[in-house]
Participant: 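The structure follows.
These values consider heavy atoms only, across backbone and side chains, with no hydrogens, waters or symmetry-generated copies. Convention: sequence-line order gives letters A, B, ...; per-chain numbering from 1.
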Number of protein chains: 2
Amino acid sequence: MSKKISVAIVEDDKEISGFLQQIVSSQEDLELIGAFDSVESFAVKLPDMLPDVVLLDISLPGRSGLDFLPDAKKLSGSSQFLMCTVFDDEEKIFECLKRGATGYIVKSSSPELIVSAIRDIHAGGSPMSATIARKVVGAFSGVKESSELDSLTAREREILHLLDQGLRYKEIAEKIFLSVETVRTHIRNIYIKLQVQSRTEALNKLRPKKFFLF
Amino acid sequence: MSKKISVAIVEDDKEISGFLQQIVSSQEDLELIGAFDSVESFAVKLPDMLPDVVLLDISLPGRSGLDFLPDAKKLSGSSQFLMCTVFDDEEKIFECLKRGATGYIVKSSSPELIVSAIRDIHAGGSPMSATIARKVVGAFSGVKESSELDSLTAREREILHLLDQGLRYKEIAEKIFLSVETVRTHIRNIYIKLQVQSRTEALNKLRPKKFFLF
DNA sequence: ATCAAAATACTACTTACGGGTGATATACGA
DNA sequence: TCGTATATCACCCGTAAGTAGTATTTTGAT
């Protein structure tokens with residue numbers, strides 16, 4: 001059998017922490033290497049432990065698990081962080097994900113679900129509850145209605161795409177066998193349709209800022 | 001017992017289609033209401049069927065399932081679209097999600113996994129394989145660690161951000177009360193640190209680019 | 001067959017951008 | 001205190017980019 005999956009728990013509620021410890025300890029392939037009740041006490045040990053998986057409570061007294069995430073990633077880049085929470089708060093989910101958590105479970109989950117989440121996250125997956133998964137996926141959709149972009153012809157889209165790669169007019173011309181003047185003409189038309197005056201502005205119309213604002 | 005989940009299948013491969021039909025038919029709570037081998041034949045029936053769940057092949061002869069997605073959502077807004085594919089192609093996954101698919105499975109999945117995915121998507125979840133889930137989640141964390149960006153000073157970041165807005169050197173200079181020459185100097189240093197030769201290349205280093213391909 | 005849209009290409013002009021080189025002042029840490 | 005990092009500004013130069021006007025050919029739809 002291969003090496004056990006090392007697990008650390010950071011959870012202030014004694015009862016829940018005990019519950020989690022018990023679950024982890026009961027599994028043959030999991031090894032509990034530490035349990036902490038605060039981010040502060042966990043932080044000093046983390047660099048020595050380098051756990052495979054960390055069960056991290058989002059809302060902790062003192063510094064929250066949410067705040068700690070980016071630092072935790074630095075202290076132990078190889079660890080996967082599985083956030084635990086009682087809430088199903090959309091804002092918090094995205095906060096966690098953008099800060100580097102790769103899984104998200106609710107504390108009320110069954111022991112079976114929790115252990116499978118630990119195995120899943122360690123195996124390269126991203127365990128989430130059904131509703132959370134849907135929210136995450138939902139964030140991707142509805143990125144359309146760009147309207148202006150629809151008015152571009154196939155050729156114009158192609159050229160815009162090449163502009164996005166950072167190619168110069170000359171390089172674009174060579175790539176698709178056009179004269180530089182023709183490229184220039186197409187770009188002029190693109191700018192008119194998108195109502196912009198520069199490459200960067202045009203490119204920004206391609207990008208739903210949604211993802212970059214967080 | 002509550003109403004059955006109505007399922008439609010769009011898949012050109014006879015064998016796979018038959019396999020899927022068999023799986024759906026074998027379940028008490030699922031009801032197969034149609035199987036099609038092309039988007040075209042499916043499209044005309046969709047408005048009358050209004051299936052709860054559609055198993056949609058991504059790559060189909062003629063019009064692809066990927067292309068069809070936005071229209072399908074219009075024809076039947078209440079349906080959930082579960083994409084089926086042989087590939088695990090990252091580009092395609094994000095394209096599907098952007099276009100409104102809410103689940104993504106590989107055809108080689110076990111019958112149990114397929115039926116649970118159907119139930120999951122109908123119950124409001126977003127079934128995905130472990131690796132796909134990780135990719136989706138990774139998209140949020142801006143899995144960058146691009147280290148290069150970390151080497152920029154506060155001033156350089158500020159200017160890079162303004163470059164991103166599409167401002168010209170002159171406009172940047174006016175905005176933060178510098179001479180154009182100073183702006184130019186900062187930008188030159190940014191380019192050196194990021195190892196690029198143009199604004200667009202620099203900006204592309206800021207972006208997880210996965211989302212914005214055509 | 002005809003008209004419109006799209007793709008191609010040119011001339012000419014102005015401004016923006018990027019590279020090279022050098023300089024000064026300030027702040028911070030070894 | 002000395003050096004390094006940062007921030008500021010300047011001049012020169014050549015190319016890239018954007019604007020304007022025009023024109024030919026190809027393609028698609030009516």
Side-chain angles (χ1 to χ4, degrees), chain A residues 74 146-207, chain B residues 39-40 43-44 62-64 67-68 71 145-207 209 212-214:
Chain A
K74 281 180 196 141
S146 310
S147 55
E148 287 166 320
L149 285 174
D150 296 340
S151 69
L152 297 183
T153 68
R155 197 55 154 173
E156 287 165 350
R157 280 171 213 276
E158 182 183 12
I159 288 175
L160 185 55
H161 185 237
L162 294 171
L163 279 177
D164 190 33
Q165 322 276 281
L167 300 186
R168 291 166 310 189
Y169 290 9
K170 205 174 109 184
E171 295 173 317
I172 293 174
E174 282 162 7
K175 189 147 200 158
I176 58 180
F177 308 106
L178 289 179
S179 84
V180 177
E181 296 311 319
T182 303
V183 171
R184 196 188 297 283
T185 301
H186 281 304
I187 291 171
R188 191 161 87 226
N189 292 330
I190 291 170
Y191 288 2
I192 290 169
K193 285 181 179 176
L194 300 187
Q195 305 185 88
V196 298
Q197 288 80 22
S198 73
R199 177 195 295 233
T200 307
E201 285 178 84
L203 262 21
N204 280 338
K205 294 244 169 185
L206 288 184
R207 317 185 194 285
Chain B
V39 161
E40 289 78 6
V44 297
R63 193 169 179 202
S64 78
D67 279 338
F68 179 59
D71 291 334
E145 96 247 8
S146 26
S147 54
E148 287 167 321
L149 284 175
D150 297 340
S151 69
L152 298 183
T153 68
R155 197 55 153 173
E156 287 165 351
R157 281 171 214 276
E158 183 184 13
I159 288 174
L160 184 55
H161 185 241
L162 295 172
L163 278 177
D164 189 35
Q165 322 277 283
L167 300 186
R168 289 166 304 183
Y169 290 8
K170 205 173 108 185
E171 295 173 318
I172 293 174
E174 283 161 7
K175 189 147 200 158
I176 58 179
F177 308 106
L178 290 179
S179 85
V180 177
E181 291 307 320
T182 302
V183 172
R184 195 191 295 284
T185 300
H186 281 305
I187 290 172
R188 244 180 302 119
N189 291 331
I190 291 170
Y191 288 2
I192 290 169
K193 285 180 179 176
L194 299 187
Q195 304 186 85
V196 297
Q197 288 78 30
S198 72
R199 177 194 294 234
T200 308
E201 285 179 81
L203 262 22
N204 280 338
K205 294 239 167 187
L206 291 181
R207 312 182 196 289
K209 77 166 29 191
F212 309 115
L213 307 175
F214 293 72

Participant: To check you understand the geometry: which heavy-atom pair defines the closest contact between B:Glu158 and B:Ile176, and what is its length?
Facilitator: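 Reported closest heavy-atom pair: OE2-CG2, 3.6 Å.
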Participant: How large an angle, rounded to 10°, do the end axes of the helix from C:dA1-D:dT30 to C:dA30-D:dT1 enclose when each is built from five base pairs?
Facilitator: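 One end axis against the other gives 60°.
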Participant: Once you round it to whole Å, what is the distance between P of D:dT22 and CG of A:Asn189?
Facilitator: 15 Å
Participant: Using modelled atom types and a 3.5 Å cut-off, is there a donor and acceptor pairing between side-chain atoms of B:Asp164 and backbone atoms of B:Leu203?
Facilitator: no
Participant: Please tell me if A:Thr153 has a side-chain N or O lying less than 4.0 Å from either OP1 or OP2 of C:dA5.
Facilitator: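 Checking A:Thr153 against C:dA5: no side-chain N or O falls below 4.0 Å of OP1 or OP2.
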Participant: Please state how far atom CZ in A:Arg168 lies from atom P in C:dG18, giving the value in whole angstrom units.
Facilitator: 11 Å
Participant: When the distance from CD1 of B:Ile172 to P of D:dA7 is rounded to whole Å, what number comes out?
Facilitator: 15 Å
Participant: Using atom CG of A:Leu178 as one end and atom P of D:dT26 as the other, report the distance to the nearest whole Å.
Facilitator: 15 Å
Participant: Side-chain N or O of B:Arg155 less than 4.0 angstrom from OP1 or OP2 on D:dA7?
Facilitator: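 Negative; the distance criterion is not met.
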Participant: Please report the shortest heavy-atom distance between A:Gly166 and B:Asn204, naming the atom on each side.
Facilitator: N-ND2, 4.5 Å
Participant: Between C1' on D:dA17 and CD1 on A:Ile187, what's the gap in Å once rounded to a whole number?
Facilitator: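 It works out to 8 Å between those atoms.
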Participant: Can you see if the side chain of B:Tyr191 gets near the phosphate of C:dG18 - specifically, an N or O under 4.0 Å from OP1 or OP2?
Facilitator: yes
Participant: What are the two closest non-hydrogen atoms of B:Glu156 and B:Ile190, and how far apart are they?
Facilitator: O-CD1, 3.3 Å
Participant: Find the distance B:Leu163:CG to C:dC17:P and express it as a whole number of Å.
Facilitator: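 Result: 8 Å.
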Participant: Search all heavy atoms of A:Lys193 against all heavy atoms of A:Thr153 and return the closest pair with its distance.
Facilitator: NZ-CG2, 3.8 Å
Participant: Nearest-Å distance, CD (B:Glu201) to C1' (C:dC17)?
Facilitator: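 Distance, rounded to whole Å: 13 Å.
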Participant: Kindly say if A:Tyr169 contacts the phosphate of D:dG18, meaning a side-chain N or O under 4.0 Å from OP1 or OP2.
Facilitator: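 True: A:Tyr169 side-chain N/O within range (under 4.0 Å) of D:dG18 OP1/OP2.
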Participant: I'd like to know if the side chain of A:Arg184 and the backbone of A:Tyr169 have a donor-acceptor N/O pair within less than 3.5 Å.
Facilitator: no
Participant: Measure all distances between protein nitrogen or oxygen atoms and nitrogen or oxygen atoms of nucleotides 10-14 of chain D, and list the pairs falling under 3.5 Å.
Facilitator:
residue, atom, partner, partner atom, Å
D:dC11, N4, B:Glu181, OE1, 2.9

Participant: How far apart are the C-alpha atoms of B:Leu178 and B:His186, what are their side-chain angles, what is the distance that settles it, and do they pass the side chain to side chain contact (heavy atoms under 4.5 Å, CB included) test?
Facilitator: CA-CA 11 Å; B:Leu178 290 179; B:His186 281 305; 4.3 Å; yes
Participant: Of A:His186 and B:Lys170, whose nearest nucleotide on DNA chain C comes first from the 5' end?
Facilitator: A:His186
Participant: List the atom of B:Leu152, the atom of B:Arg157, and the distance in Å for their closest heavy-atom pair.
Facilitator: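 Nearest heavy atoms, B:Leu152 then B:Arg157: O-NH2, 3.1 Å.
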Participant: Do you know the tightest heavy-atom contact between A:Leu163 and A:Arg199?
Facilitator: O-NH1, 3.0 Å
Participant: Send over the distance from A:Leu152 CG to C:dA7 P, rounded to a whole Å.
Facilitator: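 Value for this atom pair: 10 Å.
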Participant: Any idea which of C:dG18, D:dT6, D:dC9 is nearest the B:Arg199 side chain?
Facilitator: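 Nearest to the side chain of B:Arg199 among the choices is C:dG18.
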